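Keep in mind it's a predicted model, so treat the numbers as computed, not measured.
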Amino acid sequence: MTDAPFRPFETALDRDAALGHLRAATAGADDGELFLERSRSEVVSFDDGRVKTASYDAAEGFGLRAVRGETAGYAHSTDLSEAALKRAVETARLAVGDGGGTLAPAPRPTNARLYTDADPVSGMEFAVKIDVLREIDAFLRDLDPAVVQVSATLAASLQEVEILRPEGTHVRDVRPMARLNVSVIVERDGRRESGSMGGGGRTGLDGLTARDHWEGVAREALRIARVNLDAEPAPAGVMDVVLGPGWPGILLHEAVGHGLEGDFNRKKTSAFAGLMGQRVAAPGVTVLDDGTLPDRRGSISVDDEGTPSARNVLIEDGILTGFMQDRQNARLMGVAATGNGRRQSFAHPPMPRMTNTYMLGGEADPADIVADLKDGIWAVGFGGGQVDITSGKFVFSCTEAYRVKDGKVGAPVKGATLIGDGATALTNIRAIGNDMALDPGIGNCGKNGQWVPVGVGQPTLRIGGLTVGGAAA
């Protein structure tokens, strides 16, 4: 596959003919689009002193959609040809039936550019990437003789999309993505513990592979592993929990964010369904989904329907004010699309998805929030989690957490899980720090079998009455 810019209407399809087929597919429909994509990705992993993985993937194709009411017809193909497009029209038309719909207005145009023009896949020689990963491995082993294993990974991708709409609107977006991740295992007295750190965004690889950057990432991974060597079994019970800033916002993303997506609320399967305009969180809690932040992992200039991304306020001072919408759900709910129609690739239809979801900061000093904790957990790192959208119940595991008694930070704890439900957790927020931070750029979000990159963030928070699962103290 060539590195030349993706121009399907110059190399594979006649634009006017494609528009004619799209209009045939969407005649009598409410909405629809032709989504064309080329993607390239590379992952290089260095593990225990040698190259473990070196993979390169490339794909291109189109997805054709016609929407009528709550039904959508979708067909996709890796064959960028008029013959394949004609076959796709027949499938998409099945959703339209006898028609009768009124085509929704086109999205407003935008010239926003939120990310670099750099190509993170082809912009750096393969040998240079290997050298950087080898340096990281040697650096950590020299830094601490307790290090027994190092894993370092560079991942890069470039997604090029073109969106053609029935009224003739034509949108193009080129989306880079790069990430560095470092994991380390340390051993002491026969006990082994791990730590990891990483990050990136819609950038090239140059900044991530600079020594002044990767050295900080490597040191942080080692610090977390060392902390875990001293960790004691986590206590169990209902207690107040202080969450650190930045990546702990993944709890907000899972426990609250999914419940604020438009499709779950239209179908009334969300714990927040029917609560628009009502108090759903403690005073001072303001939650946003913002796809317009430059270079962030979850940012998009336009969504996968051609709608410009936006800074959407979901909860303002504790009051539910909005949901994240794609075009179909927005139309059915009688509101405006919010730029949250996202898809994993051309082989998937769009649906409401988060971009960068975060809570604004408050006025409290983070040190005071911890000092006010009488008996609880201070959780600053998170691993995996699960949530039930209908009930809002969640379970999250902590990768770095500390026992706090009478405001004094004690030993780190291992095996802590946080259990609760999003609606109750929001109303039990008792302090909001002034240190709002976004995560370093490591988030992925799954929904209905589709994965997309996302960002999260929050300030230091104190939440009352969470259940902490762990070993008895």
Do [X] side-chain atoms and [Y] backbone N/O form a donor-acceptor pair below 3.5 Å?
| X | Y | result |
| --- | --- | --- |
| Gln159 | Ser41 | no |
| Arg343 | Ser345 | no |
| Ser194 | Val184 | no |
| Arg179 | Ile442 | yes |
| Asn265 | Gly259 | yes |
| Arg68 | Ala29 | no |
| Asn312 | Thr338 | yes |
| Asp48 | Gln149 | no |
| Gln325 | Gly341 | no |
| Arg175 | Ile300 | no |

Atom pair [atom1] ([X]) and [atom2] ([Y]), whose distance is rounded to the nearest 0.5 Å:
| X | Y | atom1 | atom2 | result |
| --- | --- | --- | --- | --- |
| Leu158 | Asp119 | CG | CG | 5.0 Å |
| Leu314 | Glu261 | CG | CD | 10.0 Å |
| Thr91 | His76 | OG1 | NE2 | 10.0 Å |
| Ser299 | Leu114 | OG | CG | 6.0 Å |
| Asp303 | Asp326 | CG | CG | 8.0 Å |
| Leu360 | Asn434 | CG | CG | 13.0 Å |

For this session: Go through the structure and list residues passing side-chain contact (heavy atoms from CB on, under 4.5 Å) with Thr390, not counting sequence neighbours.
Result: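 Once residues adjacent in sequence are excluded, the partners of Thr390 under the side-chain contact (heavy atoms from CB on, under 4.5 Å) criterion are Thr269, Asp388.
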Q. Got a sec, which residues hit side-chain contact (heavy atoms from CB on, under 4.5 Å) with Arg15, two or more places apart in sequence or on another chain?
A.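 side-chain contact (heavy atoms from CB on, under 4.5 Å) list for Arg15, sorted by chain: Phe9, Leu19, Leu164, His170.
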Salt bridge or not for [X] and [Y], using N-O below 4.0 Å?
| X | Y | answer |
| --- | --- | --- |
| Arg165 | Asp31 | yes |
| Arg223 | Glu400 | yes |
| Asp137 | Arg134 | no |
| Glu33 | Arg327 | no |
| Asp304 | Arg65 | no |

Considering non-hydrogen atoms only, spot the tightest contact between [X] and [Y] and give its length.
| X | Y | value |
| --- | --- | --- |
| Gln344 | Glu37 | O-OE2, 4.4 Å |
| Leu252 | Met359 | CD2-N, 3.8 Å |
| Trp214 | Thr209 | CD1-O, 3.3 Å |
| Glu82 | Ala17 | OE2-CB, 4.0 Å |
| Tyr56 | Val121 | CE1-CG1, 3.8 Å |
| Thr116 | Gly204 | CG2-N, 3.8 Å |

Hey, does [Y] have a side-chain heavy atom less than 4.5 Å from the side chain of [X]?
| X | Y | answer |
| --- | --- | --- |
| Thr357 | Leu288 | no |
| Ser270 | Leu260 | no |
| Leu293 | Tyr358 | yes |
| Ile136 | Leu180 | yes |
| Leu205 | Val132 | no |
| Arg172 | Arg7 | yes |
| Met276 | Phe323 | yes |
| Val174 | Glu160 | yes |

Does the pair Ser122 and Arg40 meet the rule for a side chain to side chain contact (heavy atoms under 4.5 Å, CB included), with working shown? CA-CA 9 Å; Ser122 304; Arg40 293 178 286 127; 3.1 Å; yes
* Go through the steps to decide whether Leu243 and Phe382 satisfy the test side chain to side chain contact (heavy atoms under 4.5 Å, CB included), and finish with yes or no. => CA-CA 10 Å; Leu243 305 179; Phe382 278 84; 3.6 Å; yes
In terms of heavy-atom contacts, does [atom1] of [X] have more than 12 from other residues, nucleotides or ligands at under 6.0 Å?
| X | atom1 | answer |
| --- | --- | --- |
| Glu167 | CD | yes |
| Asn444 | CG | yes |
| Lys447 | NZ | yes |
| Gln278 | CD | yes |

Without hydrogens or angle criteria, can the side chains of [X] and [Y] be said to hold a donor-acceptor pair below 3.5 Å?
| X | Y | result |
| --- | --- | --- |
| Asn181 | Thr153 | no |
| Asp295 | Thr203 | no |
| Ser45 | Asp47 | no |
| Gln328 | Asp30 | no |
| Ser77 | Arg87 | no |
| Arg296 | Asn356 | no |

Exercise. So Glu305 and Ile163, side chain to side chain contact (heavy atoms under 4.5 Å, CB included) or not? Walk me through it.
Worked result: CA-CA 7 Å; Glu305 300 176 300; Ile163 304 168; 5.9 Å; no
> Which residue pairs pass the salt bridge (charged side-chain N to carboxylate O under 4.0 Å, His left out) test with at least one member in residues 210-219, sequence neighbours excluded?
Replying inline: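 Listed by first then second residue: Glu135-Arg211, Arg211-Glu215, Glu215-Arg219.
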Run the side chain to side chain contact (heavy atoms under 4.5 Å, CB included) check on Thr399 and Ile224 step by step: do they pass? CA-CA 8 Å; Thr399 56; Ile224 295 171; 5.6 Å; no
